[in-house]
Amino acid sequence: MKLVSIVVPCYNEQEVLPLFYDEIIKVTDSMKAEFSELEFEFLFINDGSKDKTLEIFRSLADKDKRVRYVSFSRNFGKESGMYAGLKNAKGDFVVVMDADLQHPPAFLPEMYRFVRDGEYDCATTRRVSRKGESKIRSWFARKFYQIMNKISQTEIVDGAQDFRFMTRQMVDSILEMSEYNRFSKGIFSWVGFNVKYIEYENVERAAGTTAWSFWGLFKYSLEGIMAFSTAPLAISSLLGIVSCIIAFILILVTVIKTLAFGEDVAGYPTTLCVIFLLSGLQLFCTGILGQYLSKTYLETKNRPIYIAKETDELYRNRKKSAEESKDASDKE
Ligand code: UDP
Ligand code: MG
């Protein structure tokens, strides 16, 4: 038998979770009929939701023993959610997908066929359109992938998503990357392996709202660049070199001018310009250095990527012992 773990990070997903569960049960049941070797577990991650997400997990765990969950002590972000999922998954294959049905479960059988025979280590979807997304957002996204692929050795495919069907071997490699600043798109690509991209049209969220603001995404893309490229550090040295050359030429010009025409005090505006330009460049470069330093600082602290407050195991044990003590008191 082969176990497939389906990992689903959730943040405030009470509206869509029941829909998701129905859908995933439908698809996995039909997969069991088609591939008799498969078994499933559903591993939900509650990323510090403020709504009824955890209550829904508990009631799913009550009625379906294949449902497992990990609930965080606060919101750690989707990256931490995915990490926790991969870490706790027991399967021979692990699927990571969103709860909002933007990653259609109907793709799972096709994905499984690609990884089953070992030809591919990972099957994933790639959206070819960004239907339902604002124009500015798609423009920034496209630019991000262009810049990222120019300045980083790690190739990141435009439209690639965190919807993945992976083998145990690939999951273990991903878990070995225990960095604190996690940028999954880079991590998935960095570990290599054979990846099959299945193209599809973008699907809009089934219910609820996205947790990503434009500003949040922008910050996330900068994180991605910093995590997988040191090119910005090179930019700062380049800027330094360029400004040194300019300064050298200016000095030369001033010396020649003074020798030829004598001295006058008419140089204030140019002096000011040069001071502003150079101190600006210096601050810019120090800023870039500071950004990398702050990331290094966070890494060296070795903080945990997530903190679990409750798991299905804890919940089930607690329930069992409550029932036992109730039975005992009934007998008395
Ligand atoms: N998510 C999460 N933690 C967060 C934000 C989002 O676990 O802090 C989950 C969310 O519940 C969903 C997935 O990540 O299952 C994708 O989120 P969303 O649909 O909001 O993002 P989008 O599809 O707009 O990129
Ligand atoms: Mg979504």
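Atoms within a ligand are numbered from 1 in the order they appear, just like the ligands themselves.
Ion pairing between a basic and an acidic side chain is recognised when a charged N comes within 4.0 Å of a carboxylate O; R126 and D158 show no such pairing.
Atom CD1 of residue I288 and atom CD of residue Q291 lie 9.0 Å apart, to the nearest 0.5 angstrom. The structure places SG of C10 at 10.5 Å from CZ of F72, a figure rounded to the nearest 0.5 Å.
Protein N/O/S atoms closer than 2.8 Å to the Mg ion (ligand 2): D100 OD2, Q102 OE1.
Other residues, nucleotides and ligands contribute over 12 non-hydrogen atoms within 6.0 Å of the CG atom of L259.
The contact shell of ligand 1, taken as protein residues with any non-hydrogen atom closer than 4.0 angstrom, comprises P9, C10, Y11, E13, D47, N75, G77, K78, D98, A99, D100, Q102, R205, T210, A211, W212.
Among residue pairs with one or both ends in residues 302-319, those qualifying as salt bridge (charged side-chain N to carboxylate O under 4.0 Å, His left out) are R58-E310, D62-K319, D312-R316; sequence neighbours excluded. The side-chain hydrogen bond (donor to acceptor under 3.5 Å, both in side chains) analysis of residues 220-231, with sequence neighbours excluded, yields the pairs E79-Y220, E223-K295.
Taking the six-membered ring for Trp and the full ring otherwise, the centers of F57 and Y69 sit less than 6.0 Å from each other.
Looking at D47 and Y306, their side chains never bring a donor and an acceptor atom within 3.5 Å of each other.
Of the listed residues (R66, R68, K90), just one forms a salt bridge (charged side-chain N to carboxylate O under 4.0 Å, His left out) with E41, and that residue is R68.
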